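Structure record follows, encoded as C-alpha cells.
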Number of protein chains: 2
Amino acid sequence: MPHLPNMSVPAEDFDDFRKMTLLSMEEICRDIFKENQHRIKIKKEAVAVRNLVNIFHTTLQISNEKGFQTMSLRDLSRVSGLSMGALYSYFSSKDELLEMIQNQGRRITLKILSQRIRAGDAPSVQLQTAIRTHLYLTEVLQPWFYFSYMEAKNLKKTHRKKAIESDLVTEEIIREILEKGAEKGEFRVDHPMLTAAVIKAMLQDWYLKRWKYSGRKIPVQAYADFIIEFVEALVLRKSSESSR
Amino acid sequence: MPHLPNMSVPAEDFDDFRKMTLLSMEEICRDIFKENQHRIKIKKEAVAVRNLVNIFHTTLQISNEKGFQTMSLRDLSRVSGLSMGALYSYFSSKDELLEMIQNQGRRITLKILSQRIRAGDAPSVQLQTAIRTHLYLTEVLQPWFYFSYMEAKNLKKTHRKKAIESDLVTEEIIREILEKGAEKGEFRVDHPMLTAAVIKAMLQDWYLKRWKYSGRKIPVQAYADFIIEFVEALVLRKSSESSR
DNA sequence: AAAAATAAAACGAGCGCTCGTTTTTTATTG
DNA sequence: CAATAAAAAACGAGCGCTCGTTTTATTTTT
C-alpha cells in the first residue's frame with residue numbers, strides 16, 4: 001500500500017460526484033437511443049435501451065482488450081448473446097457502431113466540466129475543480145474514454161477531426177483558467193498552452209493506465225490530490241523559486 | 001509561434017544527441033537482421049537490411065495511420081513495392097512482424113538511458129538527463145514508440161507481459177533517481193512511485209501527441225526544458241512552499 | 001551461378017452484411 | 001377472457017469478398 005498523497009480532502013468526494021452527476025450506462029444509452037432514432041430500427045425505448053447497454057458494454061469490453069478492428073461482429077454477437085441480424089437493428093454498419101461510441105464522451109465531458117467549474121470562483125479553485133472533475137469523470141466512464149483514445153485512428157477523416165477538436169476542449173478550459181489566474185497575479189504561468197497540454201497528459205494517464213494505478217491501489221481521489229499538488233507546485237511558485 | 005520555455009540550453013543539444021547515439025533506421029534493421037537470422041531467409045546483409053528498412057518503415061507508416069490490424073499484408077505489399085512472396089522471406093507470419101517491431105525500443109531505451117545517466121552525477125543532473133534523453137530518444141524514433149504503445153494490445157499474452165515490464169523500466173529509473181535525491185536531501189518527494197509514473201506520462205505525451213506539438217511548432221528541446229522546469233518545481237520545492 | 005524477387009494462383013477461414021424466416025410481444029376481436 | 005392478427009424483434013444461413021498464408025515457374029538482381 002503506497003503512502004498516499006495528502007488525504008485532507010474528504011474521502012467521500014468521489015462518491016458525492018457520482019451521486020450528483022448520475023452517470024450510468026443506462027442514461028447514456030437512453031441518450032444514444034433518442035439521438036439515433038433514424039438508425040435504430042427498434043421502436044420500444046425500454047427494449048432498445050436494454051440491448052444498447054448490452055451492445056456497448058460488450059463492445060467496450062472486447063475492444064479494450066484486443067482492439068475494435070480485431071473484434072468481429074461474430075465475437076460481439078456471441079458474447080452479447082444477440083444474433084447478427086439483431087445487431088443490425090441497432091446500427092447499420094460496424095463503422096456506425098464506432099461512431100456512436102465515439103460521439104459519447106465529448107458532450108459529457110464538456111457538460112460536466114461546465115457544470116462544475118463556476119465562473120465566480122478563484123482561478124485556483126477552478127483549476128482544482130477542473131482537474132478533479134476530469135479525473136472523476138474518467139473514473140466513472142473509464143472504458144468509454146479508453147476506447148475513444150485508442151480507437152480514434154479508426155475514424156474516417158471527418159469524424160477524426162471532431163475527435164481531435166474534442167481532445168482540445170479540455171485543454172482550452174484549463175488554459176483559460178491558467179491565463180485568468182496569471183492575469184490576476186495568482187499564478188505564475190509562462191506557457192499556458194504547453195502547461196495545459198501537459199496537465200491534460202497527466203489526466204489522461206489515469207484512464208489509459210488504469211491497470212497500473214489500480215494494481216498499486218491508488219484511488220482516484222489520491223491521484224487527483226497528487227496531480228493538483230504537482231500542478232500547483234508549478235503555478236503557485238514564488239518568483240525566487242524559479243528552478244533555473 | 002508560442003513563447004518558448006527557457007532557451008538557455010544550447011540549441012544544438014538535440015543534434016549532439018543524434019550524432020552521439022547514431023540511431024538510424026538502418027542500424028536498427030541491421031540489429032534486427034542479426035538477431036533474426038533464423039527467421040529471415042535472405043542471406044545477404046545489405047539486401048536484407050535495405051528491405052527491412054522498407055518493410056518496417058512502411059508498416060509503421062500504415063499502422064500508425066490506421067492500425068496494425070486494419071493494415072493488410074496486401075496493403076504492405078502494395079505500398080512497399082515488395083511481393084507477397086518476398087515479404088514472407090522476412091517473417092513467417094503477420095504476428096511475427098508485430099513481434100519484431102515490438103521487440104525494438106525496449107533494449108534501445110534501456111541502453112541509451114543507461115549510457116547517458118552517469119552514476120556519479122548529482123540526482124538533479126541525473127533527473128534532467130533522464131528526462132531529456134527519453135524525450136530525445138522518442139523524438140528520433142517516434143514512429144516506433146508510437147506503434148509500441150498503440151499496438152501493445154495485439155500482442156499475445158506472454159509478449160504483452162514483456163511490453164508492460166518494459167513500460168515500467170523507465171519509471172523505475174526515474175523513481176530511483178527521485179529516491180536518491182530525497183535521501184541526499186536534494187529533492188522533496190513524498191511519493192516517488194507516483195511521481196515517476198506521472199513524469200512518464202509527460203514524456204509519453206510527446207510521442208503520442210506528436211501532431212499537436214508539431215502543429216504548435218514546439219521543438220523537442222523546448223518541451224524537454226519545460227518538463228524539467230515542471231518537475232523541478234515539485235521536487236525542488238522548499239518546505240514552506242508546500243501547496244497546501 | 002546463386003540468390004532474391006516476382007507474379008499469379010490457390011487454399012481455407014473468416015469478415016461485414018443481407019434477407020427470408022421464426023419468435024415474441026402487443027393489439028384487436030368475439 | 002381466449003383466440004387471432006398484426007407488429008416488433010430477433011434469428012441464422014449464406015452471399016460476396018478479403019484475409020493470411022503457401023506454392024511454383026519464371027524473372028531479375030547480385
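The shown structure was predicted, so the numbers you read here are calculated from the model rather than taken from an experiment. Note on naming: letters A, B, ... go to the chains in the order of the sequence lines (proteins, then strands), and numbering restarts at 1 for each one.
In this structure, Leu82(A) atom CG and dT22(C) atom P are separated by 21 Å, rounded to whole Å. Spacing between atom CG of Leu87(B) and atom P of dC19(D) amounts to 14 Å, rounded to whole angstrom units. Between the CD atom of Glu45(A) and the C1' atom of dA8(D) there is a distance of 16 Å, rounded to whole Å. Protein atom CG of Asn54(B) is 10 Å distant from nucleotide atom P of dA5(C), rounded to whole Å. Taking atom CD1 of Ile42(A) as the reference point, atom P of dA9(D) lies 4 Å away to the nearest angstrom. dA13(D) atom C1' lies 17 Å from atom CZ of Arg78(A), rounded to whole Å. A straight line from CD1 of Ile40(A) to C1' of dA10(D) spans 16 Å, rounded to a whole angstrom. Computed from coordinates, the Leu76(A) CG to dA10(D) P distance equals 14 Å when rounded to whole Å.
Side-chain N/O atoms of Lys94(B) include one lying less than 4.0 angstrom from OP1 or OP2 on dG20(D). Contact between the side-chain N/O atoms of Tyr88(A) and the OP1/OP2 oxygens of dA10(D) is not found at any separation under 4.0 Å. In this structure, Lys41(A) does not reach the dA10(D) phosphate: none of its side-chain N or O atoms is under 4.0 Å from OP1 or OP2. Dashed line: the shortest gap from a side-chain N or O of Ser83(A) to OP1 or OP2 of dC11(D) is under 4.0 Å. Contact annotation: Lys43(B) side-chain N/O to dA3(C) OP1/OP2 distance is under 4.0 Å.
Residues Lys44(B) and Gln69(B) both approach DNA chain D. Their nearest nucleotides, taken by heavy-atom distance, put Gln69(B) toward the 5′ side. Comparing Val47(B) and Met84(B) against DNA chain C, the residue whose closest nucleotide sits nearer the 5' end is Val47(B).
Between His134(B) and Tyr207(B), the ring-plane angle classifies as tilted under the 30° and 60° cut-offs. Ring orientation note: the planes of Phe17(B) and Phe14(B) are close to parallel, at an angle under 30° on the 30°/60° scale.
At a cut-off of 3.5 angstrom, counting only N and O atoms as typed in the model, there is a donor on one side and an acceptor on the other between the side-chain of Arg74(B) and the base of dG20(D).
Among the heavy atoms of the strands lying under 4.0 Å from Tyr90(A) are primed sugar atoms or P, OP1, OP2 only; no base atom is included. If you check every strand for non-hydrogen atoms under 4.0 Å, Ser93(B) touches sugar and phosphate atoms only.
Between the side chain of Asn54(B) and the backbone N or O of Asn51(B), no donor-acceptor pair lies under 3.5 Å.
In this structure, Arg39(A) places its CZ atom where more than 12 heavy-atom neighbours from other residues, nucleotides or ligands lie under 6.0 Å away.
Atom CD of Gln204(B) sits about 9.0 Å away from atom OG1 of Thr138(B), to the nearest 0.5 Å.
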